[in-house]
Amino acid sequence: MSGKTVRLTMAQALVRWLTNQYTEIDGERVPLFAGLFGIFGHGNVTCLSEALEQVQDQLPTYRGQNEQSMALAAIGYAKAKRRRQIMIAATSIGPGASNMVTAAGTAMANRLPVLLLAGDTFANRLPDPVLQQVEHFGNPTITVNDAFKPVVRYWDRITLPEQIITSLPQAVATMLDPADCGPAFIGLAQDTQEKAFDYPAVFFEPKVWRIPRPRPDLDAVAAAVELLKSAKKPMIIAGGGVRYSLAEEVVADFAGKHGIPVVETIAGKGGLTHDHPVHAGPIGIVGSTSANALAGEADVILAVGTRLQDFTTGSWTAFSQEAQFISVNAARFDAVKHRALSVVGDARETVTEMDAALGDWVAPGERLKVAKDLFAKWNRILDDHQAPTNAPVPSYAQVIGVMNKVAGPNDTLIGAAGGTPGEITKNWRVKAPNTFDCEFGFSCMGYEIPAGWGHAMAQKGPGGLGGTPMVMLGDGTYLMMNSDIYSAVLTGDRMIVVVCDNGGFAVINRLQQFKGVPGFNNLLKDCRIADPENPPHVDFAKHAEAMGAAARHVEGLADLEEALKWAQGNDGPTVISIVSDAYAWVPGDADWDVGVPEVSNFESVTEARKAQDAIRAKQRVGV
């Protein structure tokens, strides 16, 4: 190894290292870090921005409007790239950094990589207390950046310039490890950013990172195969890990060869097209009658790449008490949950090995035919709910039906919190793989529009589908975070945003009233406002237009279809608003465990509590 060194500031060395990291997508070498979203403040503008300004052709910097939203855009980008390429979000110290904590939690819950860089207070402490420093009387080492520790996979604070030599490779290795994948945070003390150090030249040599594919234990595979062979009514649950492992075709071929129906989690939806021969619909609380019926009678469930969240399992009421689980997951933590027969390994490689070991075995009872009959009934339910009516205000399902009709095969639907996840997971019929993103691991209100911007960026280059992101959200979420409409205007990235104005937080109002509590503080008409009968109306089209987007408000489904076709021809972002029904939902048939008061003055709450107790009586405890 050469003894040659390069004298750089810590910030300059950080940036130079980042620009020399690569990955491969579809056989083409591309930068591992595709770009950086940044908002500068005194904690990073004088040093980090100085370094970034000199590498704009290699590591483009995009100005964010809000620290949380730009990190959410980075998460949307990573999801669209199926964790093969990473974006960076960089902030100053104090509130700029803490604004990103919610985004970090979103990435953590969804197992998605994003590199978070935040300024930090002075390592030497000489000017303390500095602007935006939060002082802890008993521990001067604590800053607001410690708030990231519960919501990231990797955390470090750089107080000496040479520390990045060991820290940066560890951060990247964590973000690219299928088992540990998630956000990485690095705090950059402002006086350390300025310090020069003689870095080894080899530290900056180009490196190509490859996603590891850990193979499963052979004994675990053999045990899983024997259990599967004993099944009379098997089922496969495909989670997000199937998509991130690029295992969609392998899982579909496995299911077709062995006659096992596939149902999808929210994160897994989009691995298969809607009409794929083995597809039987989404499972769980926001799932289909077809998938839930299969789950209720299944005796062996092969869960691939899923953490079995409560919305998938119906809070563990969706399966029989005797059902047995085989859990294939790259993360040991997820694989061993609920006493499953755990097979720790990459989804694609593990399913391939299981296929070889199963040989010509086929599930008895024509399970695929049973599944397709159930799925046909579910499709008829969707048709009924999506059919146009003379009602003056359309439902979410009707809006989704029109969006689905107009969408191109490679257009990606994006949704997150509120009523959208249940309605799009049920109603959206996927036309091409990897064209569905519903963030419901953290249920982060505000994810939608920033993620649309991130998806729009990700459509370009290797791995991109070239389609248009179609964002669907409610008025409550729009009001919470909308400034990345302006971001997309600045960068010229095209996306279509459909705002369903139902007068407040409609889905949580539905849950509130379903559990017996009178409507309170969710819909605008139930809030403490000056005139509850006539709440002030937001003109979402004009608001978006003021940020530079093309925009229209439409009055009905026919106008919506015409507006969507118009939007498909626009450059940059287009926003379409439509008044929608706050009370019309596609019903579900799975249970959900939520807290309901044991005692209440409301008789309706008392009755809801009895129903909740009945749900809990059905749960598989300690499975």
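In this chain, numbering begins with 1 at the start of the sequence shown.
Side-chain atoms of Ser483 and Asn66 include no donor-acceptor pair closer than 3.5 Å. Defined by atom type and a distance below 3.5 Å, a donor-acceptor pair is present between the side-chain atoms of Gln12 and Glu50. Side-chain contact check for Thr491 and Asp493: at least one donor-acceptor pair (N or O, by modelled atom type) lies under 3.5 Å. Checked by atom type, the side-chain pair Glu439/Asn110 shows a donor-acceptor distance below 3.5 Å. A side-chain donor from one of Gln65 and Ser487 sits under 3.5 Å from a side-chain acceptor of the other.
Nearest heavy atom pair, residue Lys515 against residue Ala608, reads O-CB, 3.3 Å. Residues Gly268 and Arg243 come closest through the heavy atom pair O-CD, 3.7 Å. The shortest heavy-atom contact between Val471 and Leu473 is CG1-CD2, 4.0 Å. Heavy atoms only, all atoms of each residue included: Gln513 and Gly519 are closest at NE2-N, 3.2 Å. Contact detail for Ile93 and Gln190: the closest heavy-atom pair is CD1-NE2, 3.8 Å. Smallest separation of non-hydrogen atoms from Thr306 and Gly239: CB-CA, 3.9 Å.
Partners of Tyr244 under the ring-ring contact (aromatic ring centres under 6.0 Å, His included) rule, at least two apart in sequence or in another chain, do not exist in this structure. Partners of Lys81 by side-chain hydrogen bond (donor to acceptor under 3.5 Å, both in side chains), not counting sequence neighbours: none found.
Of the possible polar contacts, none joining the Gln170 side chain to the Thr166 backbone as a donor-acceptor pair under 3.5 Å is found. Using a distance-only test at 3.5 Å, with no hydrogens or angles considered, a donor-acceptor pair links the side chain of Thr192 to the main chain of Thr159. In this structure a side-chain-to-backbone donor-acceptor pair under 3.5 Å is present from Gln619 to Ser315. Arg510 places no side-chain N or O within donor-acceptor distance of the main-chain N or O of Ile508, the cut-off being under 3.5 Å. Formation of a donor-acceptor pair under 3.5 Å by the Asn145 side chain with backbone atoms of Gly119 is found in this model. Here the side chain of Glu349 pairs no donor or acceptor atom with the backbone of Asp346 at under 3.5 angstrom. Asn522 places no side-chain N or O within donor-acceptor distance of the main-chain N or O of Phe505, the cut-off being under 3.5 Å. Checking side-chain atoms of Glu448 against main-chain N and O of Met481 turns up no donor-acceptor pair under 3.5 Å. Distance alone, capped at 3.5 Å, is enough to place a donor-acceptor pair between the Lys337 side chain and the Arg307 backbone. Put simply, the side chain of Asp146 gets close to the backbone of Thr143: a donor and an acceptor are under 3.5 Å apart.
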Check against side-chain contact (heavy atoms from CB on, under 4.5 Å), Leu479 and Val538: CA-CA 9 Å; Leu479 289 171; Val538 176; 4.2 Å; yes
Applying side-chain contact (heavy atoms from CB on, under 4.5 Å) to Thr23 and Arg210, what does each step give before you reach the verdict? CA-CA 6 Å; Thr23 187; Arg210 291 179 173 82; over 6 Å; no
Test side-chain contact (heavy atoms from CB on, under 4.5 Å) on Met175 and Arg153 and set out the steps. CA-CA 8 Å; Met175 289 187 288; Arg153 294 289 182 204; over 6 Å; no
Working note: Gln193 + Thr9, criterion side-chain contact (heavy atoms from CB on, under 4.5 Å); need CA distance, chi angles, decisive distance, verdict. CA-CA 6 Å; Gln193 292 180 47; Thr9 68; over 6 Å; no
Given ring pair (Phe, Tyr, Trp, His ring centres under 6.0 Å), test Phe325 with Trp316 step by step and report yes or no. CA-CA 12 Å; Phe325 281 80; Trp316 286 101; 5.3 Å; yes
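Applying the 6.0 Å contact sphere to CZ of Phe204 captures more than 12 heavy atoms from other residues, nucleotides or ligands. Heavy atoms from other residues, nucleotides or ligands lying under 6.0 Å from CG of Asn139 number more than 12.
Separation of atoms CD1 (Ile285) and OG1 (Thr312) is listed at 8.5 Å; rounding is to 0.5 Å. Separating the CG atom in Asn509 from the CG atom in Asp526 is a distance of 6.0 Å, to the nearest 0.5 Å.
Salt bridge status for Arg29 with Glu24: absent, with no side-chain N to carboxylate O gap under 4.0 Å. In this structure, Asp613 pairs ionically with Arg609, as a charged nitrogen and a carboxylate oxygen lie closer than 4.0 Å. A salt bridge between Asp198 and Arg7 is present, with a side-chain N of the basic residue lying under 4.0 Å from a carboxylate O of the acidic one.
The side-chain heavy atoms of Leu246 and Arg84, taken from C-beta on, include a pair separated by under 4.5 Å. In this structure the side chain of Ile449 never reaches within 4.5 angstrom of the side chain of Ser69, judged on heavy atoms. A 4.5 Å side-chain heavy-atom check between Leu32 and Lys207 finds every atom pair outside the cut-off. Annotation: side chain of Val344 is not in contact with side chain of Asp217 (no heavy-atom distance under 4.5 Å). Counting heavy atoms from C-beta on, the side chains of Asn329 and Val343 never come closer than 4.5 Å. By the 4.5 Å heavy-atom criterion applied to side chains, Ser245 and Pro178 are not counted as neighbours. Residues Val497 and Val499 form a side-chain contact, since some pair of their non-hydrogen atoms from C-beta on lies under 4.5 Å apart. Counting heavy atoms from C-beta outward, Ile186 and Ser167 have side chains that approach closer than 4.5 Å.
Checked against the 6.0 Å centroid criterion, the rings of Trp453 and Tyr447 do not qualify as a close aromatic pair. The six-membered or imidazole ring of Phe440 lies near that of Phe311, with a centre-to-centre distance under 6.0 Å.
Identified under the salt bridge (Lys or Arg N to Asp or Glu O under 4.0 Å) test for residues 108-132, with sequence neighbours left out: Arg111-Asp334, Asp120-Arg157.
Ring planes of Phe33 and Trp17: tilted class, angle from 30 to 60°. Relative ring orientation between Phe203 and Tyr199 is described as parallel, the plane-to-plane angle staying below 30° on a 0-90° scale split at 30° and 60°.
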